[in-house]
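Keep in mind that what you see is a predicted model, and the values were worked out from it rather than measured. Proteins get letters first, then strands, A, B, ... in listed order; numbering begins at 1 in each. Heavy-atom basis, side chains included; hydrogens, waters and symmetry copies ignored.
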There are 2 protein chains.
Amino acid sequence: MKINTTISEIAKIAKVNKSTVSRALNNSPLVNGETKKKIMEIARDLQYFPNSLARGLINRKSETIGIMLLELSSLKKTLFIDILKGIESACVKYGYNMLIASLSEQREERTFPFNLIKCNRIDGILNICSPYSLNGFSNSCIVDHPVVSINGITKDKNKYCVNFDNYEGGVIGANYFIKRGHSRIAVLTGNQMFNFFKERIRGYRSVLIKNNILFDKNLLQFGCFEDEIKSGELSTYRLLDLPVPPTAIFALTYELAMGAIKAIKRRGLEIPNDIDLMGYGCNELNNIQHFPITTILQNPFALGFTSCELLINILNRKEITGNLFYVPVELMVKAMRIKKKVYV
Amino acid sequence: MKINTTISEIAKIAKVNKSTVSRALNNSPLVNGETKKKIMEIARDLQYFPNSLARGLINRKSETIGIMLLELSSLKKTLFIDILKGIESACVKYGYNMLIASLSEQREERTFPFNLIKCNRIDGILNICSPYSLNGFSNSCIVDHPVVSINGITKDKNKYCVNFDNYEGGVIGANYFIKRGHSRIAVLTGNQMFNFFKERIRGYRSVLIKNNILFDKNLLQFGCFEDEIKSGELSTYRLLDLPVPPTAIFALTYELAMGAIKAIKRRGLEIPNDIDLMGYGCNELNNIQHFPITTILQNPFALGFTSCELLINILNRKEITGNLFYVPVELMVKAMRIKKKVYV
DNA sequence: TTGTAGGCGTTATCAT
DNA sequence: ATGATAACGCCTACAA
């Protein structure tokens, strides 16, 4: 495996100084057109590739970011892969590379990703958290290192987090129902200790307040985590059995919505005539196209892209205002009616 | 974000030359015990981390390998994640890092991973192929670069490939049946244009020959790819309807075995009393523990680990004999009887 | 055992 | 517009 071409070799052939070669290759205006052309030609002929280690050494950066994961297995989830694709897209755009910096079980040191910064292997870290993590990354993250957390939560103004705009998702969902004339809007949620549920509900409640609708806690149903579809179904029965049942149900996950559909169907009701229903997010199979009901859509690709772009801006010392960023969600309205027979 | 400690700083504090520091940090015997101790102490206090760019520049290696994937989405599959875990394990063992070098749709240049070698960002490439690829990596791989292909096929003696030992899997499976007294052993396979099917069948047939059993082509049933379980079921019906049906069925995938179970159950037969059955590999959910029948087990973690270790050996110019390597498979015998009621 | 000097391949800062 | 020289942080002959 032969040694690579260097600027010195090119310089020798072109009969110029290597600094001229460097300038030519870096598109400096301080170089004669003819000279530049000649140099570029030689570089192409010799298949010159700049040594990124030498470059990084003098520029004090590796142009590589570390992807920090609690475990590689997270990548099995479509959500994480889509986030990763967004990250990759931003990396391609800005010429960065991606290093896997997962906290594998085999590594004793939990500071591994940060050590990678210290030894100049990576310039910064994208910390991909699980939405189901409770403490965000506060305990694992060393301040003063360039780190952006995806799905993370923090109260530290020095730590950057990018999330789906869960609050806005709650607002959009509630507003949609209100515009359709509903005032008894139920919510199917998971455990509120998870930030994203809390935020969605916060958004929903803010809309109620704005519309002078009293919050009825009977309309807020908590599902268990083990069998979300089942618990969505059971919660829906409870809602339908209320003395004054809701006219609309806002299911805060795909699975809860599936359960709700099941219950509504079993009761012989129709969506949206008898009761209106909205889902949230998409499922693992990403088959949102076939999901029959109106839904709040999240864009994991955008989440990854935005986060990565933020990190790169931080690395390039761009002015950043704020430390918490939110990726917009959108409403996907499904006009079709859901009749009982559809679900037989 | 402060500048990192360098050996020069340590040298100044320790009142020695920086080359002495370098020697001390690299465990050179050419340094006094006392001096070394002092230097190590200062290094710890100052949180010294060697600059890997400077190190790589002089050592001509980055100690990073590129993980080459056709697309990131491959990682959704448990098989690939397990391979990746094996790779990571070897990387941790040998102090290497993993760079994602996927051929994303956004990149025009298909030579991207090889360019990463040329610019010294990575030392070599682990090319993770799909078992369902037809041409291996022959068209994408530049000879004379350190590349090891996982699941790849090649006839080029200069290219390294590591695979599950599919041939041996066929041998083990057939031998197991023969030891149990079977001589009419059917095979459920997918399309033989895929190398791994071809190899498994080759192993199976070699055992028949050794045992003087004539190969009956009626006992070789091909399934279609779209609905493997269904086609496994249909193939099994065909087998059971033969004038002289087989006494054992060797299903070359998990899905084909599932279909076979279904057919056997429907016909009111029992495993292994009425007919013997063996599966191959494990399914995406990796729930092999619960898979009820005797199976040829593959170890994707070992595949990843072995491949990565091979690549690192190549990088360190170890003597390598051969270019094709096989990761052993093993037989997992399930003793329990499968009765009809189990599957109701 | 330690110090000196040179080099890895770039880029940056001088000067010309 | 170009050249000479130093510097990035580390390693390694060679000299002492």
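Residues meeting the side-chain hydrogen bond (donor to acceptor under 3.5 Å, both in side chains) test with B/Asn51, sequence neighbours left out: none.
In this structure, B/Leu30 atom CG and D/dC14 atom C1' are separated by 13 Å, rounded to whole Å. Between A/Lys61 atom NZ and D/dG9 atom P the separation is 16 Å, expressed in whole Å. In this structure, CG of A/Asn32 is placed 15 Å from C1' of D/dG3, rounded to the nearest angstrom. If you take CG of B/Leu46 and C1' of D/dG9, they are 15 Å apart, rounded to a whole angstrom.
The closest side-chain donor-acceptor pair between B/Ser102 and B/Arg107, if any, does not fall under 3.5 angstrom. Inspection of the B/Asn17 and B/Ser19 side chains reveals an N or O donor paired with an N or O acceptor under 3.5 Å. Between the side chains of B/Tyr94 and B/Glu309, a donor-acceptor pair is found at a separation under 3.5 Å.
Side-chain nitrogen and oxygen atoms of B/Thr20 include none within less than 4.0 Å of the OP1 or OP2 phosphate oxygen of C/dT2.
For A/Ile150 against A/Ser307, the heavy-atom pair with the smallest separation is CG1-OG, 3.3 Å.
Between A/Phe325 and A/Tyr160, the ring planes lie parallel to each other; the angle is under 30°, not in the 30° to 60° tilted range.
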task = At under 4.0 Å between heavy atoms, which parts of nucleotides 6-16 of chain C does protein reach? Answer with one letter per nucleotide, 5' to 3': B base, S sugar-phosphate only, - none.
result = -BBBBBBB---
